[in-house]
Amino acid sequence: MAIPLETLRRPADFAALQQHGRSRAHPLVVVRAGHNGLDRTRYAFSTGRHLGGAVIRNRVRRRLREIVRALAPRIAPGWDVLIVARPAAVAVRYDELRDAVLALLGRHGILVAERCAG
RNA sequence: CGAGCCGGCCGGACGGUCGCGGGGCCCGGGCAACCGGGCCUCGAGGAAAGUCCGAGCUCCCUGACGCAGGGUAGCGGGUAACACCCGUCCGCCGCGAGGCGAGGACCAGCGCCACAGAGACGAGUCGGCCUCCCCCGGGAGGCCGGGUGAAACGGGGCAAGCUCUACCCGGAGCAAGGCCGAAUAGGAGGGCGAUGCCGGGCUCAGCCCGGCGCAGGUGCGUCACCGAGCCCUCGGGUAGGCCGCACGAGCCGGCGGGCAACCGCCGCGCCCAGAUGGAUGACCGUCGCCCGGCUCCGGUCGGGCACAGAACUCGGCUUACAGGCCGGCUCGUCGA
């Protein structure tokens, strides 16, 4: 059974991540991550207004969430991860976006060998 | 058949594998709060958009009247209300079906009237004639005329100019507003506390250092250590949570009234998104439509499928939009 994705909600969590997290960039996305001191990893997605209208921003955010969901078994626990979409992410296919997220998570060093898929 | 006008409607379909939000029922654990699981069901739009009008609903303002400010504008009707809708009159446009119209009042006042024209709204005079004055070239007054123009010593036009008239309008908005409410700090009341003692120092009504005592410090006992405050109650507020928040001027069908907008009755008909860092998704297959290439005309390959995403809820308006369906009507051509 896959663990449901937990998303960041409290403004204080965002502020903490902004202050203590490290970020890695790619032409499509930026990933900011930091330790949260918990036994699980929490996520947040940012799709700013400069990407386009509500439909476009919704689509990008939903794709990112789906990508993270599919990747969840390979992500180490104990992190807060913020994924920021950049304008170029609007036009690319699902797998291009997934590869970009994967590369940045790898550069953060928070990918692990796939746990026993339950 | 070809041009065109009006009204209404749809706006990809079906299936599979993972996934998300709401609601209901059931099972297991637990005193409970709650935790874990299963099944069923619902889950974006005609514009959800712009936030331009009108309301409901909240809170604020003692009430009434007036002023200021804003809005509406033939007439009649519909409606909770409207700037919306329907009917109708008038004006303009179109051969026509039809379309468009801020369509009350300039004998209350102010203001403006392009171009042309000498002159355009109390000021000026292009030409001719008459009278008068005089320094003989002009001046003053009067009459007539051509031309310009929508309109000329004289009667108009304009209120999407001010204004006047009639009628309407309090303000802010669901981040409205209501309830619950930690931790920490501070407030009020009450209770329990050695309300200390000794020595030393200093910049000496006090402060600092050391020792002994003492409430309290873990639910209790003992030991060690810390040690001047500790405990209870109340009220306000913050983080956070809940309500508002999904049954309504609701939808569907039938009958009746009305030219219509719309209204009434009936069914014991239907329940139709409720997120809150914000669910409604990802991938795949089949079919449909559009574009392009190849073609043995059977197909086949590749790409695309609009505008656009609920945020308190309704009624409108406006704007965006690939493609398509249905109905009524007009004009033209041909045939009967």
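All heavy atoms count here, side chains included; hydrogens, waters and symmetry mates do not. From a predicted model like this one, the values you see are computed outputs, not experimental measurements. Note on naming: letters A, B, ... go to the chains in the order of the sequence lines (proteins, then strands), and numbering restarts at 1 for each one.
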### Query
Toward the 5' end of RNA chain B, which comes first, A/Arg62 or A/Ala54, by nearest nucleotide?
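Counting from the 5' end, the first nearest nucleotide belongs to A/Arg62.
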## Note on the structure
Heavy-atom nearest nucleotide on RNA chain B taken for A/Arg59 and for A/Ile56; more 5' hit belongs to A/Arg59
### Query
Just how far, in rounded Å, is P of B/G309 from CG of A/Asn58?
9 Å
### Query
Whole-Å distance between B/U276 P and A/Leu8 CG?
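Going from A/Leu8 (CG) to B/U276 (P), I get 15 Å.
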Should [X] be listed as having a side-chain N or O under 4.0 Å from OP1 or OP2 of [N]?
X: A/Thr7; N: B/G278; result: yes
X: A/Arg65; N: B/A279; result: yes
X: A/Arg61; N: B/A279; result: yes

Torsion-based syn/anti label for [N], 90° from 0 as limit:
N: B/C223; value: anti
N: B/G46; value: syn
N: B/A13; value: anti
N: B/C272; value: syn
N: B/G298; value: syn

Assigned partner base of [N], Watson-Crick or wobble definition, under 3.5 Å:
N: B/C132; value: B/G139
N: B/A3; value: B/U330
N: B/A105; value: B/U163
N: B/C325; value: B/G8

### Query
How would you label the contact of A/Phe14 with the nucleic acid (heavy atoms, under 4.0 Å): base, sugar-phosphate, or nothing?
base
### Same-atom distance (P) from B/G66 to B/A47, integer angstrom
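Here B/G66 and B/A47 have their P atoms 43 Å from each other.
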### Interatomic distance at C1', B/G109 relative to B/A159, whole Å
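Nearest-Å result for B/G109 against B/A159 at atom C1': 13 Å.
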#### Entry: Reported CG-to-CG distance for the pair A/Leu97 and A/Leu64, which is rounded to 0.5 angstrom
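It is 5.0 Å, given to the nearest 0.5 Å.
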## Note on the structure
One should read off an interatomic distance between A/Phe14 CZ and A/Leu8 CG, to the nearest 0.5 angstrom, of 5.0 Å
### Query
Which nucleotide sits closest to the side chain of A/Arg69: B/G309, B/C18, B/C283?
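Minimum distance to the A/Arg69 side chain belongs to B/C18.
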### Message
Donor-acceptor pair, distance only, cut-off 3.5 Å: does the side chain of A/Thr41 make one with the backbone of A/Ala76?
### Response
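Indeed, once roles are kept as given, a pair shorter than 3.5 Å links the two residues.
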#### Entry: Centroid distance under 5.5 Å and plane angle under 30°, A/Tyr94 vs B/A282
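Stacking is absent between B/A282 and A/Tyr94, given that the ring centres and planes do not meet under 5.5 Å and under 30°.
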### Listed partners of A/His20 passing ring-ring contact (aromatic ring centres under 6.0 Å, His included), at least two apart
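Scan of A/His20 (ring-ring contact (aromatic ring centres under 6.0 Å, His included), adjacent residues dropped) gives none.
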### Query
Should the pair A/Arg69-A/Glu66 be classified as a salt bridge under the 4.0 Å nitrogen-to-oxygen rule?
yes
